[in-house]
Amino acid sequence: MSESFYLTTPIYYVNAEPHIGHTYTSVVVDTMVRYHRLCGERSFFLTGTDEHGEKVLEVAEARGQSARRVAEHYSNLFRQTWDELGLSYDRFIRTTEPGHKSVVQGILQRVYDAGEIEFREYEGKYCVGCERFLTDRDLVDGRCRDHERAPEKRTEANYFFKMGNHFDWLTRHIEKHPDFIRPERYRNEVLAMLREESGLGGDLCISRPKSRLDWGIELPFDENYVCYVWFDALINYLTGIGYPDGPDFAEFWASAEHLIAKDILKPHAIFWPTMLRAIGLEPARHLNVHGYWNVDDRKVSKSLGNMISPLIMKEKYGFEVFRYFLLRDMAFGLDSNFSEELLVGRNNADLANNLGNLVSRSLNMTKRFANGRVPEPTESEGPESEVIAVAERAVAEVDVQMRAMRPQRALEAIFALVDASNRYLELREPWKAAKDAELAGRVDTTLYTCCEALRIIAILLSPFMPQSADEILRRLGIEGELDGAQLPQSASWGGIPPGSPTTKGAPLFPRVDLDAESE
RNA sequence: GGCGGUGUAGCUCAGUCGGUUAGAGCGGCGGCUUCAUAAGCCGUAGGUCGGCAGUUCGAGUCUGCCCACCGCUACCA
């Protein structure tokens, strides 16, 4: 296994507030990075905001503010939200940072010098109302759908990146590395896109004349133009780790992974690898693509007002419950549905009844039958071996699933240990055995086994629900357990010290009654 | 239109290279239990694996056609 791990979120566009989709992306990255840190890998979590382009200008004009101010406002909103949710990013990058500007200009110059950027005129249908060229999709009966007027023919000169030069290489790369784009469904889609793009010539327009748009990074070889969109935005992944000659750049880039939602597949799967190729860098190790969240079975949209603010979810249910739901209910890559009913169902079934209650019953009996201290195990028989086997399987399975970018499967593996522990208690019935003095040793073993299972559960769960994991460990009397912990060794059986003072505490995850709540 | 995807128990989904009685979780139902957050455990659910045809000794699992839904077709996670 590699000793470092670099994972990025997309940089979020600064024309809207963070919603469930942004939150999911960021939470998956946070969880993955926490896991890799727990494995002792040197890890880097990059996120940030994409602040240039037309749409920011539109918002700015509508508000009578400067583009810079609008960008600043939303950028702060994203950063403050992630801070309040406790996401452990290492760097929050903004495309308006001077450092990013010089990296982008350096790369543009290099690609230009290499002859991969071409200047030429093209003719298109320009809508004066929109102040931009229209695509066929924008037209209804030959008229602009927004302004209901026929576009005029206009020519404009722009710079084009000849990414088509690298399509053959990219196709081979994708074929040679079957998991470069994962899950597989998106790989197929990209291969199809490549065939289609090839037919179109494979040029990417990367400039806008300042006369039309001046909110962007100036082209180093032509002061009349700014760099347009993706060329500016994608490069953040390099700037973020110190390209070109920062001390950590080479190490982290060699282990780079991107995580995106499916809507920006094309820029990441086609534009970005070809851009990297043009400057002599390898593509990222993996491009991980997830699906969309629907809310109450409908698409998320501003007009429906169903954006789902993570801060409101935090206030209502606690962020870790929301986070658990997101990670547990979406099969990575597929679309999924969110509703408060589903969230509450997960909370009650998995968190309250299974995990929370296991903590309660285990620690309550440790208090009653073992004076509130983790007892010394005396014997180990079949039932204990079974729990140990499930624990060992969980550690191994979590690793496999996390490295395959399947957080929901990893959680299933952890909860298999929760279930096994609950079953184990039924089998051993310590509440009965405690009444028989001859079975005292067995009660000790039973409670030890439960406490140790909980320790392992908490360690494995810590990337997913860091605060809840800390709380379980605190109640087990081993508060600093995660300091310096490293998987898989730290989760091997037998790590909890007998004699550790336990605390029962209030229900870790209270059940939620939706009916009662709405009254 | 083109390209891609999806359609398996009430719900959400697993089903590896085609092979014995098609699986899991949730919900529902029945029972056991009382340490615990009225939690837990055990047992159940008889689903034409979207439809039709084909390949095969044998198909949810491969091929063709059809139906339904969804996504992409240059800038919303």
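Each chain gets a letter, A, B and so on, in the order its sequence line appears, and its residues count up from 1.
Counting non-hydrogen atoms under 4.0 angstrom, A:R208 reaches a base of the nucleic acid. If you check every strand for non-hydrogen atoms under 4.0 Å, A:F415 touches nothing. Residue A:Y12 is classed as a sugar-phosphate contact, given heavy-atom separations below 4.0 Å to backbone atoms only. Using a 4.0 Å heavy-atom criterion, one finds that A:Y292 contacts the bases of the nucleic acid, with or without backbone contacts as well. If you check every strand for non-hydrogen atoms under 4.0 Å, A:A352 touches a base. Contacts of A:G356 with the nucleic acid, taken as non-hydrogen atoms under 4.0 Å apart, include base atoms. Within 4.0 Å of A:R511, counting heavy atoms only, lies at least one base atom of the nucleic acid.
Nearest heavy atoms, A:L439 versus A:A433: CB-O, 3.8 Å.
In this structure the side chain of A:V226 never reaches within 4.5 angstrom of the side chain of A:I217, judged on heavy atoms.
Toward the 5′ end of RNA chain B lies the nearest nucleotide of A:K432, the other residue of the pair A:K432 and A:S360 mapping further downstream.
In this structure B:C32 sits in a base pair with B:G40, meeting the Watson-Crick or G-U test at under 3.5 Å. The partner of B:U63 is B:A53, judged by Watson-Crick or G-U wobble contacts that both fall below 3.5 Å. In this structure B:C72 sits in a base pair with B:G2, meeting the Watson-Crick or G-U test at under 3.5 Å.
Using cut-offs of 30° and 60° for the angle between ring planes, the A:F338 and A:W293 rings count as perpendicular. In this pair, A:F415 and A:Y324 present their aromatic rings tilted. The plane angle is within the 30 to 60° band.
Between B:C76, B:U37, B:C35, one nucleotide has an atom nearer to the side chain of A:R368 than all others, and that is B:C35. With distances taken from any side-chain atom of A:K262 to the nucleotides B:A74, B:A77, B:G71, the minimum falls on B:G71.
Comparing B:U16 with B:G50, their P atoms are spaced 14 Å from each other, to the whole Å.
Note on A:N354: a side-chain N or O is less than 4.0 Å away from OP1 or OP2 of B:G40.
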